[in-house]
> 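I'd like to ask you about the structure that follows.
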Amino acid sequence: MGFIDIRNLVKRFRTKYGEVLAADNVCLEIEKAELITLLGPSGCGKTTTLRCIAGLERPDSGDVLIDGAPMFSQGFVPPAKRGIGMVFQNYAVWPHMTVFANVAYGLKLEGVPRRTREARVREMLDVVGLAGLERRYPGQMSGGQQQRVALARALMRHPKVLLLDEPLSNLDAKLREKMRFEIRDIVSRMEMTAVYVTHDQAEAMVLSDRVAIMDQGKLVQVAKPDEIYHVPASRFVADFIGTTNIVEGQVEEILDDTGLVGLRTGLGRTLCRVRDRAAVAKGEPVYLSIRPEDIEVINSTHGARDNIYTGTITERAYLGHLLYLFIRVRDTVIRAQCHPRQAGSEGEETRIYLDPAKCVVLPS
Amino acid sequence: MGGAGGLLAHPHQHGIRSLIRVDNLLAAFAWLVVAFLIIYPLSFLVVDSFRVAGSDRFGLQNYRAFFSEPYYMGAFLKTFMLSGLVLLTTTVLGLPLAYILARYRLRGQTVFTALTILPIVLPAYAGAFAWVVFFGRFGTLNLLLMQWGIISRPINFISGLHGVVFMQAIHLLPFMVLSLLAAFTSIDPDLEEAAEVEGASGIRRFFTVTLPLCTPSYLAGAILVFLWPFTDWLTPMIFGVIDLLPSIAYINIAYHFTDVGRKYMGIVSVVLSSGVCVAAFLLLKAWVERKRYTGLSKGTTLGGRTIRPKPLVRVASYLYMLFVSALVLLIPIVLGLSGFSRRWVLTPFPQHWTLDNFRTIFTGATRLISNSFLFSGVALGIGVLFGLLMAYLIVRTKALGRSGLEFVSTLMLVFPGVAVGVAYLTAFWHGIPLATHWMVMPLALFVRRMPYFQRMAHAAYQQLDPCLEEAAEVAGASKLRTFLTISLPLLLKGIFVGVIMFFIMAFQEISTAIFLYRGGWETLPVGLYLNWHRGMEFGFAAALAFMMVVIVFVMLMVAAKIGGGVLNVAWGSSGRGK
Amino acid sequence: MKSGKMLAVACLLLLTLLAVAGAAQQKLGWVGPIYVELSESLKKGFQDYYLRTYGEPIEITFVRPGGWPVCVDRVRIWDGKPDADVFLGAGAPAHSVLASLGLTVPYVHAHWDMIPAQWHGMSAKDPDGYWSAFAPWLVSNMYNELVLRMYNVPPPLTWDDLLNPIYRGHIAMCLTYASGTMYEVVQIQLQTRGWRDGWAYLRYLAAQVGRWTTGSTDTTHNVTRGEYPIGIAQPQMNAMVARRDGYPVGNLVPDVTVLVPEAAALLAGAPNERNAKIFLDWLYSMEGQKYVLQGGYFVARTDISLTQWQAEGVSMASHAIAALGGADNFWAVDLDLLDYDLELATAQWDEVNNTFDREIYRKWEELKSTLSQIEAVELQIADAKAKGADVAAAEAKAAEARTLFEEGELATARTAVTEARALLRR
Ligand SMILES: Nc1ncnc2c1ncn2[C@@H]1O[C@H](COP(=O)(O)OP(=O)(O)O)[C@@H](O)[C@H]1O
Ligand SMILES: [Mg+2]
């Protein structure tokens with residue numbers, strides 16, 4: 001059992017235009033001191049799931065447990081009693097209060113004496129890098145500073161769980177990158193369990209211990225960032241995380257001895273390694289996914305016999321530190337990532353090699 | 001986004017227990033109040049409207065008569081038309097004014113804003129009568145024009161529908177200006193700047209971004225303006241227009257004597273017109289709210305954009321403000337002149353000056369003033385609490401029956417005072433003898449005027465980002481605490497205007513008060529009404545009216561001073577710019 | 001914050017209010033349609049008297065929710081549990097309805113005999129003792145001298161004068177049911193001219209009207225302010241008071257009119273019955289009557305000599321003498337009063353008002369345009385006649401149109417006008 005346990009969470013919204021299933025049977029276990037991100041395109045139900053954890057939304061059914069204690073289903077524990085801190089997307093710092101008053105709000109409610117309160121707030125403001133700004137009003141601060149106030153406020157009561165809803169989405173790119181690491185640092189230093197909602201995959205990759213990917217209210221994969229990247233569970237995940245080449249195909253043969261399967265794809269015959277042989281059946285339509293960086297553009301000689309295709313370069317996209325070549329093999333265009341000095345100009349013929357170990361077979 | 005704490009989510013899962021949530025308890029309480037103070041008394045009227053005159057039977061005869069008589073339908077349409085014209089006039093007059101007050105950094109904005117509010121404080125007939133004295137056939141203007149030989153026969157400036165439109169528009173200008181002001185100052189400057197960046201010029205930006213963003217607040221004000229002609233029976237009658245629903249209803253109900261059929265027809269026209277108007281209003285509102293504007297602004301201390309206008313714009317702005325102030329100030333000036341004079345008879349200006357009227361007030365009529373403050377103050381206290389509760393229930397919760405609550409409470413905007421008065425007296429004299437206790441006065445004021453406050457509270461609540469409240473809940477605050485420490489301070493700016501309007505509207509209420517007052521409960525407006533005929537002089541009444549204006553003006557200025565900071569913004573003065 | 005302060009203020013005020021109300025005291029309540037000038041005058045006079053006579057002060061409340069029908073309705077709603085003791089003001093119809101509903105009770109006050117039972121065939125007090133006049137007046141019309149002079153027309157002296165086209169558009173007249181006085185004007189026409197001719201007259205009169213008002217006081221204001229120079233259906237004393245206050249207005253008692261015995265009565269279930277009776281006794285005493293006069297109303301006792309009061313220094317006496325055309329006592333005015341059938345008038349209230357509403361008020365525009373068409377064709381006929389043409393047929397048609405107009409057949413009347421015009425062209 002995880003530190004946070006979400007079981008079969010369902011949340012519907014009735015709107016004028018019909019019913020929206022915002023959380024569709026979501027099951028998730030989050031370990032103690034883990035930072036997990038909920039990642040997915042906007043509207044997929046991340047915020048809803050987070051708000052159900054926070055108690056700001058009442059699920060239609062399912063259970064939410066924090067630290068073993070039931071929060072929902074058997075009774076309903078209000079947000080204030082769940083031991084959580086929360087950072088909202090648009091900060092939600094109270095404009096009529098000073099930074100100090102904002103951050104000290106929760107402490108004051110707990111009845112912490114003034115002295116202690118001041119000391120603790122000052123300490124916290126140090127942590128988030130706002131030392132000396134206690135007397136400012138939010139209106140006099142930049143977005144980044146306001147976000148730090150929001151973070152400080154959320155952390156102030158030493159919550160068991162920190163919930164963050166796209167906390168950085170309103171910041172500029174530079175600041176966003178900087179804040180990512182700061183949040184990561186602060187959270188790990190305080191050994192806090194954190195649920196972090198974002199639609200930015202880079203953010204998710206950098207920050208998280210594990211990433212939970214959502215699509216249309218469903219949780220589609222929960223795994224470590226590298227696993228998500230290299231072993232996506234579905235076409236959606238593969239597509240959503242980073243860039244990939246997706247080729248439709250069909251299982252032609254299962255080579256029992258080597259752990260390989262042979263596919264008939266738009267490229268021709270392609271061999272792929274599969275982890276779980278039982279998951280594929282002969283004749284089944286599947287997708288083949290391979291990352292651009294896993295495609296080798298080869299010169300005349302190459303050791304392998306299989307998975308080598310000849311195509312025409314249709315486009316060169318030069319990005320400085322790397323180069324994309326778009327290569328048409330039969331009717332399929334494959335994107336390959338190369339060293340920026342890689343030769344070959346548009347219209348030229350070239351050959352590519354797809355390492356079977358790096359080809360991922362996904363159910364269609 | 002419904003906060004979850006106390007909502008009704010799924011009765012089928014949580015059974016009876018979920019019904020007993022705080023929100024539902026609050027809603028139940030609100031229903032109790034509404035049932036006791038609105039539904040119960042008004043039901044007497046509704047029942048009456050189904051009585052068949054001259055028998056003990058009930059039937060639809062009265063309603064049939066209403067629809068089959070072209071006279072009543074004509075009056076209904078004419079009232080609608082009047083409402084439309086008044087709304088148009090206030091919009092045309094008020095839009096530039098609100099924009100100037102909200103966006104330009106000019107001196108004296110607080111005073112100008114307070115000035116525009118003044119006319120509403122006077123019961124309709126005081127303003128109308130002042131206009132007769134100034135604009136009438138033998139009023140100051142005509143007499144001067146004749147003296148100077150410009151005209152030989154007096155010109156009819158105000159008698160007729162145009163006078164009513166003009167008078168009511170001036171009267172209602174504050175609703176328009178204040179609600180637009182609240183809107184202009186609470187728009188996130190980014191939104192406008194975004195449009196500017198996109199290349200929208202000043203005027204274009206105003207019409208494509210600023211104005212649409214103001215729609216909810218505009219509607220909050222517009223509805224008050226639009227429904228007003230459905231309850232103001234006296235202004236039209238003073239200008240010689242009788243065939244409007246409220247006037248017909250008033251005369252039919254108040255003067256039926258032995259002809260109960262006439263009374264029933266009066267009630268039918270009240271019931272029908274209020275039902276139709278409120279339903280139309282709520283439909284309109286639902287239509288507008290489909291485009292959600294929630295979370296328009298991050299908060300509150302923003303003063304919107306204020307700019308220092310170019311000299312030409314500056315002069316034009318001042319001229320415009322002066323023009324409106326002149327229209328508005330005419331009433332208190334005429335009343336003041338009358339109050340300080342005797343025997344002002346068909347001359348352009350008074351000939352004999354005196355302080356007698358004011359002396360009489362201060363020696364004999366202080367009761368009127370203290371009663372007015374007592375009743376309006378108590379009504380305000382109850383009204384603000386209840387209005388906030390209603391706004392909360394309607395905007396923030398899914399409590400049972402909240403649309404019904406809204407409908408019933410809005411209904412009071414359209415119910416003429418005479419109907420409320422008669423209903424209260426009928427319901428609360430025998431049986432429940434509430435009308436024998438002075439609390440009935442503030443309660444009636446509360447019921448009649450609360451919708452004015454509620455509309456503004458409602459608009460303010462809608463523009464408050466729920467995240468701000470949720471953040472407090474997560475931080476450990478109870479709902480009540482959240483409300484007191486977060487919502488209320490943030491709402492203050494929006495509801496401040498509502499509080500002022502509520503108080504003023506309660507202060508000037510007469511139609512119901514005149515029906516309910518007992519000896520010793522006379523308010524300033526009642527005193528005004530009773531003293532209108534001291535012989536044929538109206539100096540004493542004018543002095544009372546003038547005093548009301550002065551009292552309210554002083555109150556407004558003090559409120560603006562005390563309020564300072566946040567509140568200043570509500571006044572459109574560039575509090576933050578300074 | 002603000003509301004908190006307000007509440008504090010409110011509570012303070014409330015406490016003082018309760019403290020004041022707490023003291024046990026003599027009380028008296030009036031309800032009625034009299035003007036506040038009279039109520040204030042009576043308050044002052046009676047409080048003096050009470051203190052002088054009974055050695056303790058009396059608190060008097062006066063409630064005037066509106067015109068007399070509103071006051072009657074108020075008493076009906078009170079339904080035997082009145083919030084006042086005396087119904088003060090209003091004429092015979094109001095009082096007879098109150099009496100018939102048992103809402104007033106008979107009280108024969110100390111000066112009952114000083115009020116005439118009958119005057120030119122009209123009652124000034126109730127034979128059963130329910131009510132008696134304390135401030136009688138005649139149904140009159142009012143005009144504004146200054147404005148009439150400007151329009152260069154003389155004051156209209158009789159009912160028929162009012163139909164003169166020179167007054168067209170200059171007359172302010174009230175809806176019948178909004179004013180008892182106006183209702184009486186209607187009844188005067190119906191009772192003197194008969195049903196058909198009465199309505200015919202009212203149709204002609206309506207075509208003269210420039211402005212409909214909603215009460216006799218509304219009319220008074222329109223005339224005194226000069227908005228309209230002539231006002232129909234006015235309480236006689238309004239002109240007296242307006243003149244005193246400097247307005248150039250005059251009162252016109254038309255050729256035929258009726259008496260309105262503005263009366264007082266004791267309410268059934270009056271909470272302060274003893275004081276109410278003391279008040280009624282005082283109201284009809286010489287002293288009380290002086291306060292009535294000072295309040296801007298005429299006085300009812302037969303034994304009053306206004307000239308003597310004038311000599312005593314009662315300031316309103318000279319105004320009253322002037323307003324009554326030099327008479328020394330209200331009842332001494334020499335007049336042709338209608339033998340008015342009050343019972344009939346009260347019985348017809350609903351019917352006549354509704355007819356007036358439907359047939360005259362709501363058809364006002366139509367009445368005016370029809371009449372002007374009739375008059376136009378009559379002019380054409382007269383022209384043609386002067387030129388020696390044979391206009392007999394057209395004349396007959398025009399006369400028919402007039403008859404139809406008088407009977408309210410307005411559409412048919414206009415058809416007749418068209419026919420008359422066609423006949424004339426031929
Ligand atoms: N209060 C609400 N009422 C109706 N629909 C809602 C509400 N909140 C969210 N939704 C809908 O639920 C779905 C998921 O929303 P959300 O959880 O906010 O998505 P995300 O945070 O992933 O962008 C969306 O389709 C959204 O429109
Ligand atoms: Mg979201």
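Convention: sequence-line order gives letters A, B, ...; per-chain numbering from 1. Model, not experiment: these values are computed from the prediction.
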> In terms of heavy-atom proximity below 4.5 Å to chain B, should C/Trp349 be classed as side chain, backbone, both, or neither?
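The side chain, not the backbone.
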> Where on C/Val63 is there a heavy atom nearer than 4.5 Å to chain B: the side chain, the backbone, both, or neither?
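Both backbone and side chain.
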> Should the ring pair B/Phe503 and B/Phe373 be called parallel, tilted or perpendicular, given that the plane angle runs from 0 to 90° and is split at 30 and 60?
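Tilted.
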> Select, from B/Lys263, B/Glu522, B/Arg343, B/Met237, the one with the greatest count of heavy-atom pairs under 4.5 Å involving chain C.
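With the most close heavy-atom pairs to chain C, the winner is B/Arg343.
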> Name the option with the most non-hydrogen atom pairs under 4.5 Å to chain B; the candidates are C/Phe62, C/Trp30, C/Tyr151.
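Of C/Phe62, C/Trp30, C/Tyr151, C/Tyr151 has the most heavy-atom pairs under 4.5 Å with chain B.
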> If you count heavy-atom pairs under 4.5 Å with chain C, which of B/Gly519, B/Ser159, B/Ala435 comes out on top?
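Top count of heavy-atom pairs under 4.5 Å with chain C: B/Gly519.
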> Does any non-hydrogen side-chain atom of C/Gln294 lie less than 4.5 Å from one of C/Ser315?
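Touching, per the 4.5 Å side-chain cut-off.
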> Please determine, among C/Tyr177, C/Trp212, C/Tyr361, the option with the most heavy-atom pairs under 4.5 Å with chain B.
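Sorted descending by pairs with chain B, the first entry is C/Tyr177.
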> Heavy atoms, side chains only, cut-off 4.5 Å: are C/Gln234 and C/Thr220 in contact?
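Yes, side chains in contact.
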> As an exercise: rank B/Phe129, B/Tyr517, B/Phe515 by heavy-atom pairs under 4.5 Å with chain C and give me the winner.
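Winner by heavy-atom pair count: B/Tyr517.
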> Where does the angle between the aromatic ring planes of B/Tyr255 and B/Tyr250 fall among parallel (under 30°), tilted (30 to 60°) and perpendicular (over 60°)?
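Judged by the thresholds at 30° and 60°, the geometry between B/Tyr255 and B/Tyr250 is perpendicular.
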> Is the terminal nitrogen or CZ of C/Arg362 (NZ for Lys, CZ for Arg) located under 6.0 angstrom from the six-membered ring centre of B/Tyr72 and within 45° of that ring's axis?
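Yes; both conditions hold, so C/Arg362 lies above the ring face of B/Tyr72.
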> In a check of side-chain hydrogen bond (donor to acceptor under 3.5 Å, both in side chains) between B/Arg262 and each of C/Asp350, C/Asp357, C/Asn353, which one passes?
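When C/Asp350, C/Asp357, C/Asn353 are each tested with B/Arg262, the side-chain hydrogen bond (donor to acceptor under 3.5 Å, both in side chains) holds only for C/Asp357.
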> Between B/Phe239 and chain C, which part of the residue has a heavy atom less than 4.5 Å away: side chain, backbone, both or neither?
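For B/Phe239, backbone heavy atoms alone lie under 4.5 Å from chain C.
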> Run the side chain to side chain contact (heavy atoms under 4.5 Å, CB included) check on B/Val345 and B/Gln351 step by step: do they pass?
CA-CA 9 Å; B/Val345 174; B/Gln351 314 280 314; over 6 Å; no
> For chain C, find which of B/Gly240, B/Ala513, B/Gly421, B/Gly383 contributes the most heavy-atom pairs closer than 4.5 angstrom.
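Between B/Gly240, B/Ala513, B/Gly421, B/Gly383, the count favours B/Gly240.
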> Cut-off 3.5 Å, side chains only: do C/Asn275 and C/Asp85 have a donor facing an acceptor?
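No - no donor-acceptor pair under 3.5 Å links their side chains.
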> Any idea which of C/Asp83, C/Leu175, C/Val72, C/Asp79 has the most non-hydrogen atom pairs under 4.5 angstrom with chain B?
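Option with the top pair count is C/Asp83.
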> Please state whether the side chain, the backbone, both or neither of C/Leu146 comes within less than 4.5 Å of a heavy atom of chain B.
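Contact with chain B is through the side chain of C/Leu146 alone.
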> Under 4.5 Å heavy-atom distance to chain C, tell me which part of B/Asn142 shows up: side chain, backbone, both or neither.
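Looking at B/Asn142, nothing touches chain C.
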> Given a strict heavy-atom distance threshold of 4.5 Å, which part of B/Leu488 is in contact with chain C: side chain, backbone, both, or neither?
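Interface part for B/Leu488: neither.
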> Would you mind telling me which of C/Gly296, C/Pro248, C/Ala178 has the largest number of heavy-atom pairs within less than 4.5 Å of chain B?
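The answer is C/Ala178.
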> Could C/Arg211 and C/Tyr228 be counted as a cation-pi pair, given that NZ or CZ must be under 6.0 Å from the ring centre and within 45° of the axis?
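The answer is no; the distance or angle limit is not met.
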